[in-house]
Amino acid sequence: MRVLTHRDFHLPAEALEAFTDDTGIEVVVFREDTPDDVIDLLERSRSHPVADVVVGIDTLDLQHVIDADLTQPYVPLAPGPLVEDLTVDDHALTPISYVDACLNYLPSFYVVPERRIDELPDAELLPPPVPGGLGTLWDPAHADTAVIPDAATSRMGVYLLVALERLHPEGDDDDTAPWPQVLDQMLRWGTELAPSWEIATFERFAGGEPPPERPISQDEPDPVTLSSLRGRRPLTWGTTGLPSVYAQYQPGLPAALDIAVVTDDCVRIGFYAGVVAGARNSSLGGRLIDAMGEPLFQFGVSDRFGSRPARSDIVSTPEWNEFGVSVHPYRPDPAYVGANWKQWQLTWSQVVRNFETGPPPPEPEVTVTLP
């Protein structure tokens, strides 16, 4: 049986091996580079499907896959309880996992240095306030401390764009600035774009290490500053599972990590599997989708994005139990987002090009309030 997915979707190898051992069905996995490549291949091979099951379809492409009849309905034999709002009408696709995409930050950067009661604070050592929502990215006090994935080249960047468009839609009648204007402000005030989520998170973001062992004060250790981060940045766009991902890279379960999640303005993105329309082995494909909903597979779906199982009754990993964060995210309408996100992506690219080729930005005016 053939399974089609992309390199950003994690298929737990142990669960696939267990499926083969239990059923005798060998699973061959084909990986395209991007979700767009998966959709394109399904459309080009419609008359002679190249796979029996497709997995890793996300909220952005959900409606397109349904409208184009790229999958055929399948009702899992023994579905478990699902996380709210992941179910698809008519069972055209089956929920497998999801991410809650949010801002992540470095807590130690925002600690105000201790001082004596008769001592005036040093304004140069005062950090900006702790981040408190997506508006932080276009706050002059924060913008030049942030790195985000570029929506033109990163799927995680598109998830940020979906959250941004929700708060600042174009053509709104009120006084809210449209999101292209907000993006231009972000860039002019110093927000950095990274070509991929991996580069933004694991190379340019400064989080993930154990926090400083001693309290930060003006008398003993130096406070955490941008210069002490050696060019890396204390604010990025990630997921609620990112702290648990960083914990997996530690030699043991750490007592604490220097990374935290901003729980406001998050967006939930679901990931789905389906039996490919016209598949040669559609009945076998249904058996695999059943297995994807079982506890062994669901427990193993966590990946480097910090994704979560679609079933709500699955025991969490020790890392998630210790560092995972639950939020109340925005759940985008797949029909609305699916019809518009590629046009938003083109607009994003045009704003970035105009910024890169335009006149140099003016210096932002930053007001520092002393505690």
Side-chain angles (χ1 to χ4, degrees), residues 100-117 119-149 160 163-164 167 182 185-187 189-194 200-247 250 254-266 306 322-327 364-371:
D100 288 333
C102 306
L103 287 173
N104 286 242
Y105 67 96
L106 185 74
S108 62
F109 179 77
Y110 301 93
V111 175
V112 176
E114 295 180 358
R115 58 186 176 86
R116 298 190 306 272
I117 193 170
E119 180 183 17
L120 291 175
D122 186 342
E124 294 184 358
L125 298 180
L126 289 177
V130 173
L134 206 57
T136 303
L137 293 176
W138 52 92
D139 180 345
H142 287 277
D144 64 353
T145 71
V147 55
I148 59 174
L160 168 60
L164 180 62
L167 295 177
V182 171
Q185 287 180 319
M186 289 163 52
L187 298 174
W189 287 336
T191 297
E192 177 185 337
L193 295 182
T201 303
F202 297 110
E203 295 183 21
R204 299 296 300 127
F205 177 54
E209 297 298 325
E213 293 184 1
R214 295 180 294 177
I216 296 174
S217 71
Q218 290 180 329
D219 297 327
E220 293 194 2
D222 292 332
V224 179
T225 62
L226 287 178
S227 60
S228 70
L229 296 180
R230 300 181 180 179
R232 301 175 80 181
R233 297 195 168 203
L235 181 63
T236 193
W237 176 257
T239 71
T240 58
L242 190 56
S244 63
V245 170
Y246 273 110
Q250 304 297 323
L257 285 174
D258 200 8
I259 181 173
V261 173
V262 177
T263 58
D264 294 331
D265 300 333
C266 302
E322 187 68 29
F323 299 107
V325 178
S326 297
V327 296
E365 295 183 5
V366 180
T367 302
V368 177
T369 301
L370 300 181

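A quick note: this is a predicted structure, and the numbers were derived from the prediction, not measured.
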Side chain proximity check, Leu229 to Leu106, heavy atoms < 4.5 angstrom: yes

Asp100 vs Ser326 side-chain heavy atoms within contact, under 4.5 Å: no

Using distance only, find each side-chain donor-acceptor pair of residues 139-148 under 3.5 Å and give its atom names and separation, not counting sequence neighbours.
{"unit_1": "Asp139", "atom_1": "OD1", "unit_2": "Ala141", "atom_2": "N", "d": "2.9"}
{"unit_1": "His142", "atom_1": "NE2", "unit_2": "Pro129", "atom_2": "O", "d": "3.0"}
{"unit_1": "Thr145", "atom_1": "OG1", "unit_2": "His142", "atom_2": "O", "d": "2.6"}

Arg233 side chain vs Phe205 backbone, donor-acceptor pair below 3.5 Å: no

Between [atom1] of [X] and [atom2] of [Y], what distance do you get to the nearest 0.5 Å?
X	Y	atom1	atom2	value
Thr191	Trp237	OG1	CH2	13.0 Å
Thr263	Leu103	OG1	CG	10.5 Å
Trp138	Leu164	CH2	CG	5.0 Å
Glu192	Thr236	CD	OG1	9.0 Å
Leu257	Tyr246	CG	OH	10.0 Å

Smallest separation among heavy atoms of [X] and [Y], with atom names:
X	Y	answer
Cys102	Val262	CB-O, 3.5 Å
Met186	Leu137	CG-O, 3.4 Å
Gly133	Asp264	CA-CB, 4.1 Å
Gly135	Asp265	N-OD2, 4.3 Å
Pro149	Ala200	N-CB, 4.1 Å
Val130	Tyr110	CG2-CB, 3.9 Å

Verdict with supporting geometry, Leu193 and Leu187, side chain to side chain contact (heavy atoms under 4.5 Å, CB included): CA-CA 8 Å; Leu193 295 182; Leu187 298 174; 3.8 Å; yes

